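First up is the structure itself, then whatever we jot down about it.
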Number of protein chains: 2
Amino acid sequence: MIDENTYKVTASEALAHFKDGSLTVHEYATALLARIAARDADVQAWAFLDPAHVLAEAARLDSIPIDFRGPLHGVTVAAKDIFFTKGKATTAEFAATNVGPKTKNPHDPLRTPGGSSSGSATAVRDFQAPVALATQTGGSTIRPGSFNGIYALKPTWNVISREGVKIYSVLFDPIGLYARSVDNLTLLADVLNIHDDEPAPGIFSVRGARFAVVKIMVWPKAGPGTVSALMAGVELLRKHGATVEEIELPPELDELPQWHRTWLAAEGRTSFLPEHRMAKGQLDDFLVAHVENRLGLTRAAQAKAFDSIAAARPVVDEIASRYAALLTPSDVDEAPVGTAFTGAAVFNCIWTPSKLVSMSALCASYGGYPESDNAICL
Amino acid sequence: MIDENTYKVTASEALAHFKDGSLTVHEYATALLARIAARDADVQAWAFLDPAHVLAEAARLDSIPIDFRGPLHGVTVAAKDIFFTKGKATTAEFAATNVGPKTKNPHDPLRTPGGSSSGSATAVRDFQAPVALATQTGGSTIRPGSFNGIYALKPTWNVISREGVKIYSVLFDPIGLYARSVDNLTLLADVLNIHDDEPAPGIFSVRGARFAVVKIMVWPKAGPGTVSALMAGVELLRKHGATVEEIELPPELDELPQWHRTWLAAEGRTSFLPEHRMAKGQLDDFLVAHVENRLGLTRAAQAKAFDSIAAARPVVDEIASRYAALLTPSDVDEAPVGTAFTGAAVFNCIWTPSKLVSMSALCASYGGYPESDNAICL
């Protein structure tokens with residue numbers, strides 16, 4: 001079945017084809033590598049790629065009998081360059097700055113693809129890989145997901161092991177997932193054992209369901225693209241019979257972004273000490289400032305931020321429990337022009353700390369440039 | 001200056017000798033390797049050791065000019081077998097069970113050296129390494145420190161990066177340090193950038209200082225060895241002019257050990273999924289039970305444990321702020337007979353969660369078998 005569209009095959013489609021023999025892993029990998037070769041000069045999603053290694057590994061996988069194959073056998077996964085693997089998609093420095101890598105937005109090479117999971121998101125968007133691994137400390141999964149117009153899943157903190165992933169903040173760094181279809185995200189979530197306590201109550205119906213648009217504390221920063229896209233989503237839900245309320249978080253949570261910044265600086269002071277000791281001159285000044293505690297944060301201030309975040313969590317959980325889902329922007333506006341700055345995480349950064357543990361576990365984004373459907377938090 | 005006692009040289013002594021030329025790194029490593037060779041059959045502190053690699057590295061370090069050397073140049077560090085390094089001290093399986101490795105207590109081969117940092121603690125106690133790296137999820141640093149009679153430091157959570165260390169719980173797994181002298185611990189703490197906000201207020205005097213013995217919720221489990229050793233410590237402080245009060249934690253913290261167990265199970269469900277997927281049959285049943293959620297813990301129960309721990313933290317901080325130091329047992333009693341069971345962590349497990357962030361950062365232990373001075377928490 002190989003044809004000029006084989007590189008567009010999704011992960012679940014590929015698995016079905018491998019099983020019925022209509023496609024080999026080697027053929028699929030060959031098609032994806034050809035796509036990458038054709039597009040790499042424009043997109044530059046890869047920090048490192050060894051095509052010969054990929055093809056050798058694909059041939060080895062084809063030689064394994066079907067009964068001995070795992071649930072993702074032969075699926076190509078783009079791993080962000082902070083995962084301990086042999087093939088790498090680009091990222092900002094240690095996934096910890098807003099300085100973009102070489103990567104360009106496939107929709108418009110003059111705009112950022114977002115960061116820090118720049119390569120993972122563009123590889124999926126540009127059909128260079130069906131699925132990808134990301135992380136999010138501020139907005140590093142959801143923002144590139146939006147700017148590239150793909151499905152992004154930032155699960156609850158710590159439901160996916162971070163073994164072998166460079167640490168920035170152990171409290172704010174969940175692993176994120178990218179795909180071009182919901183069933184591909186489901187496939188990854190199943191392999192990674194991500195599920196709620198109880199199975200979903202039959203078939204979910206939008207009609208009669210209760211949603212909320214959350215105008216969080218930074219809402220005035222939302223640009224016209226974000227506001228109109230989010231409101232278009234609200235109208236769509238209402239047209240299908242849902243109730244959608246507009247809500248705000250209680251004022252005692254106003255400092256959540258500041259607590260996030262304070263705690264992140266505290267963790268950065270620890271996380272980048274090894275790099276600072278070994279090669280300070282090569283480290284971005286933002287990270288040097290963390291290690292040298294340039295903000296002069298006391299341990300008492302860190303403790304206050306940590307405890308304030310902890311106290312906020314049940315408050316947000318209670319609000320979320322009233323709705324089928326919360327809708328909230330995935331970014332300030334459409335992708336900024338230029339690739340040096342990957343965009344601001346102000347709309348994302350409060351969600352991991354304030355929903356650190358939750359029963360409604362998943363935050364999904366679809367939209368971005370140019371479609372801009374924007375984010376839906378579930 | 002090489003003689004039959006060179007293996008007893010501590011880290012700070014060795015650094016001074018390397019600097020004045022009276023000892024080479026190669027000579028020091030040779031002496032330690034000879035000590036290991038003489039004692040390994042009795043103690044078995046090592047999971048893996050490559051003497052040829054150690055000596056080659058020592059010779060390389062000797063060839064580096066003094067001005068280009070780092071602060072620990074040539075110091076031998078025993079790393080627990082969950083650190084991503086080339087020479088390894090033994091541990092329990094993934095530092096996550098109470099099943100002992102082959103290692104024996106150097107004081108008495110019939111008794112456990114404690115766990116899970118069994119090899120790190122015995123290597124330091126038995127003069128096979130001057131200092132060592134450990135971790136503590138329950139009592140894995142302080143308990144072996146006590147059973148071996150060495151200095152153990154379990155710093156505040158996350159003041160040392162856990163980059164390259166196998167994760168059990170990101171919330172409860174601080175890196176621990178072992179040495180045979182306080183100045184060696186200070187050396188390591190300085191390199192690792194561990195310090196309080198303000199410098200210590202001049203010279204600390206025990207006379208007039210206020211201490212507390214904390215009889216935590218599991219106090220009735222304390223055996224006669226622990227009680228008498230702790231009370232001997234109290235008498236010593238009083239004899240030197242200190243005030244020592246006996247206090248209990250408020251009853252709303254009674255469930256801290258249960259919250260610790262619940263949250264640990266939640267994290268274990270995530271942390272050991274990769275091993276469960278790849279080699280379930282080789283995994284200890286305790287860890288299999290985590291992944292399969294055999295306790296049937298709901299996400300709501302996990303959230304409650306997490307939030308309860310978070311709410312307990314400022315309460316414990318406030319109590320600790322009234323004293324120069326808190327004294328508390330490092331183990332139930334003297335080291336149990338047999339090496340299959342490494343001992344219970346009931347006296348240790350509440351301290352990392354409840355002092356997750358603190359200004360008084362350090363928990364030190366000195367004592368254990370046979371001296372049994374027991375723990376002092378600072």
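The model shown is predicted, which means the values in this text are computed figures rather than measured ones.
Using non-hydrogen atoms only and a strict 4.5 Å limit, the part of residues 270-295 of chain A facing chain B consists of A:Thr270, A:Ser271, A:Leu273, A:Pro274, A:Arg277, A:Val291.
Aromatic ring orientation, B:Phe84 versus A:Phe84: perpendicular (interplanar angle above 60°, classes split at 30° and 60°).
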| query | A:Phe306 and B:Asn158: side-chain contact (heavy atoms from CB on, under 4.5 Å), yes or no, with the steps? | reply | CA-CA 13 Å; A:Phe306 188 95; B:Asn158 210 39; over 6 Å; no
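The greatest number of non-hydrogen atom pairs below 4.5 Å with chain A, out of B:Leu192, B:Ile160, B:Val170, is found for B:Val170.
At a threshold of 4.5 Å between non-hydrogen side-chain atoms, the residues B:Gln302 and A:Thr156 do not count as touching.
In terms of the side chain to side chain donor-acceptor pair (under 3.5 Å) criterion, residue partners of B:Glu318 (sequence neighbours excluded) are, by chain and number, B:Arg322.
Put simply, OG on A:Ser161 and CD on B:Glu267 are 10.0 Å apart, with the number rounded to the nearest 0.5 Å.
Nearest heavy atoms, B:Glu163 versus A:Val165: OE2-O, 4.1 Å. B:Asp307 and A:Pro314 get closest at one heavy-atom pair: OD2-CG, 3.6 Å.
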